[in-house]
Trainee: 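Sharing a structure with you now.
Labels below follow one simple rule: chain letters A, B, ... track the order of the sequence lines, proteins then strands, and each chain is numbered from 1.
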Amino acid sequence: MELKNKKWTHDHFYGVREEIIKHWPTGADVNFEEAVKYHETIPARKHFAKRLVKAKKNGETLTQPRAGVALLDEHINLLNFLRTEGEADLLPTTIDSYTRQNQYENCANAIEESMKAGRSLLNGFPAVNHGVHGVRKLVESVDGPLQVRHGTPDARLLTEITLAGGFTSYEGGGISYNIPYAKSVSLEKTIYDWQYNDRLVGIYAEHGIEINREPFGPLTGTLVPPCISHAVAIIEGILAAEQGVKNITLGYGQCGNLFQDVAAIKALEQLAEEYLVKHGYNDCVLTTVFHQWMGGFPQDEAKAFAVISWGAAAAALAKATKVIVKTPHEALGIPTKEANAMGLRATKQLINMLADQPFPITAEVDIEVEMIKAETRCILDKVFELGNGDFASGSVRAFEAGVLDVPFAPSQYSLNKILPARDNNGAVRLFDVGNLPFTQDIIDFHKAKIDARAKEEGRKASFQMVIDDIYAISKGRLVGRPSK
Amino acid sequence: MELKNKKWTHDHFYGVREEIIKHWPTGADVNFEEAVKYHETIPARKHFAKRLVKAKKNGETLTQPRAGVALLDEHINLLNFLRTEGEADLLPTTIDSYTRQNQYENCANAIEESMKAGRSLLNGFPAVNHGVHGVRKLVESVDGPLQVRHGTPDARLLTEITLAGGFTSYEGGGISYNIPYAKSVSLEKTIYDWQYNDRLVGIYAEHGIEINREPFGPLTGTLVPPCISHAVAIIEGILAAEQGVKNITLGYGQCGNLFQDVAAIKALEQLAEEYLVKHGYNDCVLTTVFHQWMGGFPQDEAKAFAVISWGAAAAALAKATKVIVKTPHEALGIPTKEANAMGLRATKQLINMLADQPFPITAEVDIEVEMIKAETRCILDKVFELGNGDFASGSVRAFEAGVLDVPFAPSQYSLNKILPARDNNGAVRLFDVGNLPFTQDIIDFHKAKIDARAKEEGRKASFQMVIDDIYAISKGRLVGRPSK
Amino acid sequence: MENNKVKVVLGVIGADCHAVGNKILNYAFTSAGFEVVNLGVLVPQEEFVNAAIETDAKAILVASLYGHGEIDCRGLRERCRESGLGDILLYVGGNLVVGKTDFAEVHSKFIEMGYDRVYEPGILPDQVVIDLKNDLGL
Amino acid sequence: MENNKVKVVLGVIGADCHAVGNKILNYAFTSAGFEVVNLGVLVPQEEFVNAAIETDAKAILVASLYGHGEIDCRGLRERCRESGLGDILLYVGGNLVVGKTDFAEVHSKFIEMGYDRVYEPGILPDQVVIDLKNDLGL
Ligand code: B12
Ligand code: B12
């Protein structure tokens with residue numbers, strides 16, 4: 001196969017499908033025609049894509065947690081609790097890590113062990129093992145729009161089962177669910193496999209069923225400069241649109257400097273719109289998601305609330321369509337449902353308090369918007385060029401060349417040459433731009449910012465500075481300054 | 001006596017003093033000369049005034065809780081806990097409500113009952129009853145700068161005892177500790193009695209002992225527009241300076257709209273400097289204090305954390321010298337020491353995360369700064385005029401005339417004619433300007449803002465709108481919109 | 001006209017100066033058709049009793065926010081009885097004790113002291129108006 | 001020169017992809033003079049064992065962040081013994097179990113599984129380096 005950003009033919013899709021469905025016995029229960037009918041019965045208030053469109057129109061910022069446990073009834077209780085006690089607008093189903101590695105056998109064991117132990121031994125909901133019937137029970141028992149959230153390089157069976165089960169939103173992408181989540185799976189394979197997922201959503205769309213798709217914005221969650229995650233998000237948006245996806249949410253993980261964060265959401269919206277239209281995708285509805293700080297959290301719950309609240313504030317001021325919420329247990333372990341609901345309620349309070357305070361595009365925000373756009377354009381245009389006008393093969397080559405590069409990624413397929421660090425105001429910049437295809441102006445801008453910080457701290461920029469920044473928020477600061 | 005903003009003579013002061021000292025037996029232990037010597041032994045790190053000056057120089061925002069219990073040892077434990085577990089930079093001693101009404105007999109009973117009950121039956125520390133020795137034990141057992149915080153119309157004995165005991169900061173003022181705290185005590189009397197307190201601090205200053213003074217900024221804490229609290233703060237600053245006070249902290253209670261809050265602190269700093277110098281007080285050190293939202297809180301602790309965090313963020317972005325911190329128990333009762341420490345830690349996390357993010361004076365902030373200054377000038381200049389060039393007698397007349405007026409004040413001496421309400425962006429405006437001596441421009445500005453909101457909500461501005469705004473934050477919003 | 005209105009005495013007891021809730025309750029009960037005898041803040045027990053006697057009020061609404069409610073509210077029922085007000089309706093509300101406390105405990109404590117209804121912090125006036133109308137058979 | 005350095009095997013076990021701490025530990029142990037055989041993330045038990053045998057490592061540092069540590073780490077000590085690594089030092093750290101848990105419990109659970117040292121979430125590398133030098137008598 002030659003990887004191309006080209007809509008799969010039905011023949012190609014159904015050929016692959018036949019095999020996928022057999023990966024685990026529950027695959028046999030997937031029946032597309034019947035699933036379409038099932039989707040038609042899902043009311044608007046439980047419909048993810050529709051809820052997002054409404055929020056965008058009203059200028060709302062919706063809240064959404066992460067959550068998933070091994071057993072079905074427990075998972076239902078968990079989600080209903082987050083809906084009622086957490087006042088969550090949108091609901092997730094976080095898939096466990098074995099499923100993400102297609103280790104369904106391990107899941108089966110862990111489900112059994114969890115039943116015996118009376119507590120979840122999995123870090124998420126093993127949807128493939130629960131099958132279409134299990135998923136439908138979930139969809140019918142929960143009063144809110146539902147999204148699959150995972151981190152699965154090869155998610156094809158999971159997609160089939162969860163969509164047939166009635167999920168109306170699906171996270172992931174061939175880059176964003178590979179580079180931060182895998183070590184030795186080639187990009188060629190994951191982009192190809194994710195074309196399958198997108199194509200399936202596209203086929204649902206052809207049958208009048210709108211399903212929301214969301215590339216995973218924050219990548220490694222740790223000091224990822226906006227231009228990197230924006231480039232990946234926009235590429236995945238384009239790849240999805242090509243396969244027929246019509247409702248797309250692009251994401252960004254909070255960096256922590258208010259002006260950079262507000263600017264990042266604005267830049268993402270504007271650039272994504274521009275690139276989709278430029279490349280011929282005129283009928284997609286775009287929304288945005290802001291992730292509260294995705295890196296290391298403080299262990300102390302009071303301090304965690306502060307980080308959560310600041311993320312909520314930035315999301316609301318940036319007017320993102322939704323915000324993914326952290327919990328006061330973040331640094332320590334999967335949250336209890338109570339802790340999860342508390343993160344949601346704190347977020348809701350701030351979003352509502354800031355709903356009436358639009359943040360103007362001040363000069364400071366404007367500079368950041370222009371900077372992020374310029375950087376992202378450099379990357380996107382080079383990717384396109386490397387692929388000879390194709391974003392799919394271009395992405396593979398771009399990662400090889402370090403034109404796309406994700407800091408701290410576990411994947412062998414990311415060059416890992418760039419090094420991010422904060423500037424004096426806490427904005428995330430690049431201390432080493434690696435092979436990013438930036439103009440000299442942009443390179444100088446980053447260098448000047450990092451030099452100014454180094455000077456302020458009376459030390460040279462180094463990997464130690466990067467480490468200090470990685471720990472900073474968990475130690476109660478934004479910029480990892482050396483202690484005096 | 002004729003009330004004048006005029007430094008008391010030593011004779012006058014010592015004449016009054018002789019009597020004050022006799023109000024309660026513990027007064028007998030106050031010995032000024034010995035107290036001066038005692039103050040000389042207090043190290044800089046425990047010195048409130050010095051710590052503030054250092055913070056101002058370094059651009060820090062210090063954290064300070066409220067806290068006080070009936071018994072000495074318990075109170076010592078409480079403050080040390082807030083210092084170590086709450087990471088508080090500055091420490092308070094909140095005085096109980098009986099002491100505030102000079103009901104020392106009631107305190108004596110409640111101390112006894114508290115000892116029996118094994119828990120504090122008082123809402124603060126009865127410092128007069130504990131006397132100079134008790135206070136010194138406190139000062140010596142706690143490793144941090146200490147301030148008296150109360151709400152006492154006639155605080156003269158309390159001032160004598162706590163300052164002789166070694167406190168280096170003292171809150172209150174003749175207006176700010178009357179209008180929100182009393183019903184039928186005349187302003188003439190409280191301003192006069194507070195001249196005593198200020199004069200005592202002034203006499204300490206003459207002996208080389210610097211004691212910080214802080215008028216109570218937030219007043220009733222409930223939708224107080226910045227111009228009202230700024231006018232009172234600046235008048236009390238001037239009254240204090242006249243009596244020889246050299247180290248003054250002026251305060252403001254968060255309104256909730258970020259731009260108004262940042263602007264309020266800027267305007268307060270600039271105007272206070274200007275008026276002090278203009279009226280001949282050239283050698284005062286001025287600092288600012290930002291109070292996290294002082295009105296009704298949400299009962300839910302997660303939501304309370306969000307309100308606390310937003311207050312911390314606004315304080316840090318406004319670069320106030322210190323922030324007074326609320327707790328997750330605010331809506332329900334005096335916090336446990338644990339809850340108090342949690343509010344402090346959340347605040348510290350945010351202040352540190354925002355320390356590196358100066359908030360620029362954007363056009364939006366600038367408009368608010370100019371507005372607040374113009375409004376406050378109208379009031380201050382009219383007060384001065386009503387007093388024929390005297391801010392003391394002018395204040396009394398201004399309150400009579402409604403030229404100074406505090407919303408929701410319990411005092412008969414406040415006209416209670418003005419009515420505040422939020423505008424469409426949540427900034428606090430005046431829906432009824434009462435007798436405030438505003439120019440027509442300013443009146444029109446407020447009217448336009450309120451009209452725009454009323455229009456947005458499809459209802460007339462009314463007392464119901466004010467009530468909705470009073471409840472709003474506790475119900476999870478900033479602007480009290482009618483439910484749809 | 002005025003005379004047809006049922007009178008209620010309202011005030012914040014003891015050394016307590018919290019005025020905002022008081023103003024809202026005043027507004028709510030007035031709007032609901034009662035004649036409110038509002039004593040404001042910092043009201044001693046005897047003032048409540050005297051006002052009720054003077055105005056022939058049908059209920060006394062006592063607020064305590066600042067934490068000393070337990071001490072301040074004790075004995076009001078006895079004082080009412082002694083003054084011939086007998087079983088006049090006594091409502092109490094606010095933040096009645098020092099500290100965040102289980103409300104069930106607070107409730108039974110104040111019921112024992114002789115209050116007819118005891119309200120949790122954050123109660124909205126509408127509910128209180130309904131209760132009062134019920135209790136007075138209006 | 002190189003040969004003088006003590007070798008340690010480092011990796012993130014199971015289906016776990018958390019890479020940031022791994023990179024920092026790699027840097028810290030390298031800076032402290034060890035030769036780090038870094039297996040990265042997503043490492044099965046046998047790979048740890050094989051690497052230790054091949055490189056004659058003196059310790060295996062196992063990380064588990066994602067919550068499945070309890071399942072993934074079980075049996076590693078036995079596997080070491082079976083492969084002739086016997087009592088090679090086994091350290092484990094990260095967020096070892098699902099959910100926020102009392103660390104004392106987690107500690108004794110992993111000690112029982114045969115790990116020599118068990119670290120709390122948030123431990124800084126400096127401390128681990130000190131411990132390792134101590135345990136190896138360096
Ligand atoms: C960043 C992050 C991610 C990124 C990781 C990117 C990447 N590839 O590295 C992304 C977003 C991809 C991610 C994914 C997931 N994550 Co994650 N993640 C985090 C987070 C926020 C920070 C981790 C981090 O980088 N910290 C900074 C580094 C420097 O610290 P560290 O990793 O803790 O390592 C230090 C110490 O622990 C110690 N240490 C670590 N290992 C060892 C080993 C030894 C021997 C020693 C001595 C010391 C030691 O030293 C290290 C250096 O100081 C943590 C929560 C947190 N800590 O705040 C959650 C967290 C680890 N993730 C969690 C989970 C559950 C997941 C997911 C399953 C997703 C989900 N719920 O949606 C997936 C897992 C996928 C998979 N297959 O593994 C949970 C684990 C829960 C649990 N144990 O109960 C956590 C705790 C969050 C939570 N509370 O739910 N995550
Ligand atoms: C604003 C405020 C102040 C302002 C008051 C200004 C003024 N003069 O009105 C200022 C800053 C001056 C102040 C001072 C003090 N306060 Co204050 N204050 C508050 C705060 C934040 C809001 C109160 C408010 O206005 N709410 C809005 C109104 C509409 O609601 P409300 O007052 O609760 O009343 C409603 C209901 O409770 C109910 N209700 C009330 N009374 C009654 C009576 C009846 C019969 C019924 C049916 C219903 C009812 O209906 C009302 C209308 O909806 C509360 C905490 C909170 N709620 O968030 C603390 C709070 C009440 N204050 C408290 C304290 C301790 C004090 C001080 C001692 C200061 C201190 N610690 O520094 C002083 C007291 C001085 C004194 N002598 O009284 C404590 C009381 C603690 C406790 N009970 O354990 C609280 C709870 C804060 C806390 N958690 O520490 N305070």
Trainee: Tell me the closest heavy-atom pair linking B/Ala314 and B/Gln254, and the distance in Å.
Mentor: CB-NE2, 4.0 Å

Trainee: Hey, which of A/Pro360, A/Ala313, A/Ala341 has the most heavy atom pairs under 4.5 Å with chain B?
Mentor: A/Pro360

Trainee: Which of parallel (below 30°), tilted (30 to 60°) and perpendicular (above 60°) describes B/Phe259 and B/Phe359?
Mentor: perpendicular

Trainee: Can you say whether A/Ala363 sits under 4.5 Å from chain B via the side chain, the backbone, both, or neither, judging by heavy atoms?
Mentor: neither

Trainee: Give, as side chain, backbone, both or neither, the part of A/Glu456 having an atom under 4.5 angstrom from any heavy atom of chain B.
Mentor: neither

Trainee: Heavy-atom pairs under 4.5 Å with chain A are the metric here; pick the option from B/Met353, B/Lys348, B/Arg477, B/Gln349 that has the most.
Mentor: B/Gln349

Trainee: Can you tell which part of B/Arg481 gets under 4.5 Å to a heavy atom of chain A, answering side chain, backbone, both or neither?
Mentor: side chain

Trainee: Who wins among B/Met342, B/Arg345, B/Glu364 for the most heavy-atom pairs under 4.5 Å with chain A?
Mentor: B/Arg345

Trainee: Heavy-atom pairs under 4.5 Å with chain B are the metric here; pick the option from A/Val479, A/Asn352, A/Asn424 that has the most.
Mentor: A/Asn352

Trainee: Would you say B/Lys303 and B/Phe297 make side-chain contact, with heavy atoms under 4.5 Å?
Mentor: no

Trainee: If you compare all heavy atoms of B/Pro65 against all heavy atoms of B/Asn340, which two are closest, and at what distance to 0.1 Å?
Mentor: CB-OD1, 3.6 Å

Trainee: Which answer fits A/Pro328, side chain, backbone, both or neither, if we ask what part of it has an atom under 4.5 Å from a heavy atom of chain B?
Mentor: neither

Trainee: For the interface with chain A, which of B/Leu478, B/Leu354, B/Asp356 has the highest count of heavy-atom pairs at distances below 4.5 Å?
Mentor: B/Asp356

Trainee: Measure distances from B/Ile473 to the heavy atoms of chain A and classify the residue's part below 4.5 Å as side chain, backbone, both or neither.
Mentor: both

Trainee: In terms of heavy-atom pairs under 4.5 Å with chain A, which of B/Asp300, B/Leu317, B/Leu258, B/Thr362 leads?
Mentor: B/Asp300

Trainee: Let's test your reading of the structure: which of A/Asp423, A/Asn257, A/Ile351 forms the most heavy-atom pairs below 4.5 Å with chain B?
Mentor: A/Asn257

Trainee: Just do the side-chain contact (heavy atoms from CB on, under 4.5 Å) check on A/Gln292 and A/Thr347 with the steps written out, would you?
Mentor: CA-CA 10 Å; A/Gln292 291 177 351; A/Thr347 301; 3.0 Å; yes

Trainee: Given that the side chain runs from C-beta out, which part of B/Glu338 has a heavy atom under 4.5 Å from chain A: side chain, backbone, both or neither?
Mentor: neither

Trainee: Would you check if A/Pro298 and A/Val307 make a side-chain contact, meaning some heavy-atom pair closer than 4.5 Å?
Mentor: yes

Trainee: A quick test of your reading: do over 12 heavy atoms of other residues, nucleotides or ligands sit less than 6.0 Å from NZ of A/Lys56?
Mentor: yes

Trainee: Of the backbone (N, CA, C, O) and the side chain (C-beta and beyond), which part of B/Ala355 lies under 4.5 Å from a heavy atom of chain A, both, or neither?
Mentor: side chain

Trainee: Could you tell me whether A/Arg422 and A/Asp469 have a side-chain N and a carboxylate O separated by less than 4.0 Å?
Mentor: no

Trainee: With B/Glu368, which of B/Lys449, B/Lys266, B/Arg429 fulfils salt bridge (Lys or Arg N to Asp or Glu O under 4.0 Å)?
Mentor: B/Arg429

